[in-house]
Undergrad: 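One structure is given below, represented as structure tokens, and several questions about it will come after.
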Amino acid sequence: MPELLSIKPDGLFELAGKAYQIPAEFSAREVYSYRRLLEPIPDVPGGTSLSDEQRSRQRAYLLRRAAVCVIPGLQMRALEPLPMPSLRTIHQWISEHRPELSSAYQQLIA
């Protein structure tokens, strides 16, 4: 089982031998993009319903996209091998340390 991602108090973490830093501040555009990517996607009555597996894959994809939009230099391909608990670790850390983004993640896990 892969080891859970560890993020230092200053927002520094390592993936596949490369260091990444979660910024102390975000632009208004980054905040907007992050929040939009983490908004729950409701089922459309009469529309296509997702299976639990499809919903899980979709959630993982959106968590990766949200992380990429606020962490400089981070690429989607670096996040693809991460298990869901590690993806959640990134967003939980952001939620606990960056108040302007905390509501987006809290809404996702509610």
Side-chain angles (χ1 to χ4, degrees):
M1 184 168 171
E3 189 175 314
L4 193 61
L5 186 68
S6 175
I7 303 175
K8 295 181 181 175
D10 64 353
L12 188 65
F13 65 96
E14 191 174 306
L15 269 179
K18 186 171 179 186
Y20 298 96
Q21 176 81 46
I22 300 171
E25 296 181 7
F26 302 100
S27 70
R29 184 177 188 157
E30 289 170 328
V31 170
Y32 175 79
S33 295
Y34 185 86
R35 287 182 177 158
R36 292 289 296 171
L37 286 165
L38 294 186
E39 284 179 0
I41 300 173
D43 284 329
V44 177
T48 303
S49 294
L50 298 176
S51 68
D52 289 341
E53 181 182 338
Q54 289 171 320
R55 190 171 299 282
S56 178
R57 284 196 319 253
Q58 178 187 50
R59 178 170 283 145
Y61 173 79
L62 292 173
L63 285 172
R64 288 191 299 269
R65 287 284 311 244
V68 166
C69 86
V70 295
I71 302 173
L74 186 59
Q75 301 285 321
M76 287 285 286
R77 68 179 169 267
L79 294 172
E80 286 173 359
L82 284 183
M84 184 60 92
S86 289
L87 286 174
R88 289 184 187 275
T89 296
I90 293 170
H91 294 286
Q92 184 65 39
W93 190 97
I94 291 171
S95 175
E96 292 172 359
H97 296 85
R98 304 297 185 255
E100 67 273 25
L101 298 179
S102 67
S103 64
Y105 181 72
Q106 296 305 323
Q107 181 177 338
L108 177 73
I109 62 172

Undergrad: Between the side chain of S33 and the main-chain N/O of C69, is any donor-acceptor distance below 3.5 Å?
TA: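 Here the side-chain-to-backbone pair does not exist.
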Undergrad: For the CD1 atom of I22 and the CD1 atom of I7, what is their distance to the nearest 0.5 Å?
TA: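 It is 4.5 Å, given to the nearest 0.5 Å.
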Undergrad: Using 0.5 Å steps for rounding, measure from the CZ atom of R65 to the CG atom of L38.
TA: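 Answer rounded to 0.5 Å: 11.5 Å.
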Undergrad: Taking the side chain as every heavy atom from C-beta outward, state whether Q21 and F13 have any pair of such atoms under 4.5 Å apart.
TA: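 Side-chain contact under 4.5 Å: no.
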Undergrad: Can you list the steps and then say if L37 with L63 is a side chain to side chain contact (heavy atoms under 4.5 Å, CB included)?
TA: CA-CA 7 Å; L37 286 165; L63 285 172; over 6 Å; no
Undergrad: So, does R98 use its side chain to make a donor-acceptor pair with the main chain of F26 at under 3.5 Å?
TA: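 Such a contact is absent between R98 side chain and F26 backbone.
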Undergrad: L5 and W93: side chain to side chain contact (heavy atoms under 4.5 Å, CB included), yes or no, with the steps?
TA: CA-CA 11 Å; L5 186 68; W93 190 97; over 6 Å; no
Undergrad: How close do L82 and S86 get, counting heavy atoms only, and between which atoms?
TA: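 Nearest heavy atoms, L82 then S86: CD2-CB, 3.9 Å.
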Undergrad: With hydrophobic residues grouped by side-chain heavy-atom distances under 4.5 Å, do L12 and I94 end up in a single group?
TA: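 No, no single cluster joins them.
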Undergrad: Do you know which two heavy atoms are closest between A78 and L15, and how far apart they sit?
TA: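 Result for this residue pair: O-CD1, 4.0 Å.
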Undergrad: Do E39 and R36 meet the salt-bridge criterion of a basic N to acidic O distance under 4.0 Å?
TA: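 Yes, R36 and E39 are salt-bridged.
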Undergrad: Measure across R64 and L87 and return the closest heavy-atom pair with its distance rounded to 0.1 Å.
TA: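 In terms of heavy atoms, the two residues are closest at CG-CD2, 3.6 Å.
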Undergrad: Got a sec, which residues hit side chain to side chain contact (heavy atoms under 4.5 Å, CB included) with A67, two or more places apart in sequence or on another chain?
TA: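 Partners of A67 under the side chain to side chain contact (heavy atoms under 4.5 Å, CB included) test: I71, L74, L79, I90, H91.
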Undergrad: Excluding sequence neighbours, so at least two apart, what forms side chain to side chain contact (heavy atoms under 4.5 Å, CB included) with Q54?
TA: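 Q54 satisfies side chain to side chain contact (heavy atoms under 4.5 Å, CB included) with L50, S51, R57 only.
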Undergrad: Would you say the side chain of E80 lies within less than 4.5 Å of the side chain of Q75, judging by non-hydrogen atoms?
TA: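 Counting from C-beta outward, Q75 and E80 never come under 4.5 Å.
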Undergrad: Mind jotting down which residue pairs meet the salt bridge (Lys or Arg N to Asp or Glu O under 4.0 Å) criterion with at least one end in residues 6-32? Sequence neighbours excluded, please.
TA: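 Every candidate salt bridge (Lys or Arg N to Asp or Glu O under 4.0 Å) pair involving residues 6-32 fails, so no pair, neighbours aside, qualifies.
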